[in-house]
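Heads up: the structure comes next, in structure tokens.
These figures come from a predicted structure and were not determined experimentally. To find a chain, count down the sequence lines: A is the first, B the second, and so on, and within it residues start at 1. Values below: every heavy atom of this structure, side chains too, minus hydrogens, waters and symmetry copies.
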2 protein chains.
Amino acid sequence: MAHMREKKHPKMEEIEITDIMYGLSDPARVEIVRLIAQAGKPLTCGELNCDRPKSSMSHHFKILRDTGIIETSIEGKEHLNSLRSTEIEKKFPGILKSILKNIL
Amino acid sequence: MAHMREKKHPKMEEIEITDIMYGLSDPARVEIVRLIAQAGKPLTCGELNCDRPKSSMSHHFKILRDTGIIETSIEGKEHLNSLRSTEIEKKFPGILKSILKNIL
DNA sequence: TCCATATTTCGAATATAGTCGAACTATCGA
DNA sequence: TCGATAGTTCGACTATATTCGAAATATGGA
């Protein structure tokens with residue numbers, strides 16, 4: 001049957017600062033963000049290897065997507081996750097930068 | 001009987017960045033922080049007048065205290081709430097400043 | 001087509017949070 | 001001492017989050 005080819009992401013206009021804060025209020029999610037930022041390139045779930053079950057990780061990725069923090073592009077069977085740095089910087093200047101400085 | 005004269009606040013060393021994020025993940029709490037920052041001086045609960053019951057507000061003040069964001073000093077029958085700006089700046093440089101810029 | 005890989009979705013359990021009325025505590029002033 | 005004022009605590013309810021196994025979906029390669 002038909003399926004979703006791309007993940008949907010909220011528009012940055014729909015994101016409130018409380019969403020960003022909520023997205024980063026869990027250590028597992030901060031760790032994901034840290035690893036992506038550190039890598040300097042999009043990472044797949046598999047490359048992250050926080051030791052938690054896949055379904056838990058998937059849950060946290062979904063929240064990071066829903067809160068506007070990451071975007072996920074599907075390349076074959078892998079999902080590449082990257083930070084929405086530029087858009088976040090435009091909407092909430094300085095916030096993500098200062099957070100990254102504090103978690104790297 | 002004996003009573004607590006001062007509120008207790010966590011030491012900033014005990015505060016994680018996820019605590020700060022959690023503290024600011026609720027609109028009511030961001031509003032409280034915004035009003036205190038805007039006033040430029042400590043505010044009592046009463047001066048805030050977000051229209052919610054006292055018990056709800058008290059709950060949010062407690063979370064802001066527990067997450068290291070505000071401190072409350074008791075002056076007579078009033079409780080004066082202020083941001084722990086200097087300490088937060090020392091522990092998490094740039095974070096609070098960038099958040100305040102975005103909510104004021 | 002069949003299998004391995006990568007990840008999501010479902011579902012159920014447990015845990016944490018938010019809301020708010022009512023009762024409580026502390027302080028001040030009459 | 002009584003009453004008003006400022007805020008907290010309690011308790012119950014509802015709502016949202018987190019965890020994770022199992023089943024499902026999609027892709028690519030043999």
Point to revise | B:Ile20 side chain reached by B:Thr67 side chain, heavy atoms, under 4.5 Å | key: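 B:Thr67 does not reach B:Ile20 side chain to side chain.
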Just to confirm, is there a sub-4.0 Å distance from OP1 or OP2 of [N] to any side-chain nitrogen or oxygen of [X]?
X	N	value
A:Tyr22	D:dT18	yes
A:His59	D:dC20	no
A:Arg65	C:dT7	no

Looking only at side-chain atoms of [X], point me to the closest of [options].
X	options	value
B:Lys77	C:dC28, D:dT18, C:dG18	C:dC28
B:Cys45	C:dC20, D:dT19, D:dG7	D:dG7
A:Asp26	D:dT18, C:dC20, C:dA23	D:dT18
B:Pro53	C:dT8, D:dT19, C:dG21	C:dG21
A:His79	D:dT9, D:dT5, C:dT8	C:dT8
B:Ser56	C:dT19, D:dT18, D:dA6	C:dT19

Check your understanding: Taking atom CD1 of B:Ile95 and atom CD1 of A:Ile95, what is their separation to the nearest 0.5 Å?
Key ->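 Spacing of CD1 (B:Ile95) from CD1 (A:Ile95) equals 8.0 Å.
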Specify the separation, in whole Å, of atom [atom1] of [X] and atom [atom2] of [N].
X	N	atom1	atom2	value
B:Glu6	C:dT27	CD	P	10 Å
B:Ile63	D:dA17	CD1	P	14 Å
B:Glu75	D:dG7	CD	P	12 Å
B:Arg52	C:dA17	CZ	C1'	14 Å
B:Lys7	C:dT27	NZ	P	12 Å
B:Lys8	D:dG7	NZ	P	18 Å
B:Leu48	D:dA6	CG	P	13 Å
A:Glu78	C:dT7	CD	P	6 Å

Exercise for review: Considering only NZ, NE, NH1 and NH2 on the basic side and carboxylate oxygens on the acidic side, decide whether B:Arg65 and B:Glu71 come within less than 4.0 Å.
Suggested key: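 No.
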Review point. So does A:Arg84 pair up with A:Glu87, basic N to acidic O under 4.0 Å?
Key: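 Salt bridge present between A:Arg84 and A:Glu87.
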Exercise for review: Mind checking A:His60 for me? I need base, sugar-phosphate or nothing, with any heavy atom below 4.0 Å counting as a touch.
Suggested key: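 Sugar-phosphate, no base atom in range.
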Exercise for review: For residues B:Glu16 and B:Phe92, report the shortest heavy-atom separation together with the two atoms involved.
Suggested key: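 What the structure gives for the nearest pair is C-CZ, 3.6 Å.
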Review point. Considering heavy-atom distances to DNA chain D, does A:Gly76 or B:Thr44 have its closest nucleotide positioned more toward the 5' end?
Key: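 Of the two residues, B:Thr44 wins.
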Point to revise | Base D:dG7 to side chain B:Ser58, donor-acceptor N/O within 3.5 Å cut-off | key: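 In this structure, the two groups form no donor-acceptor pair.
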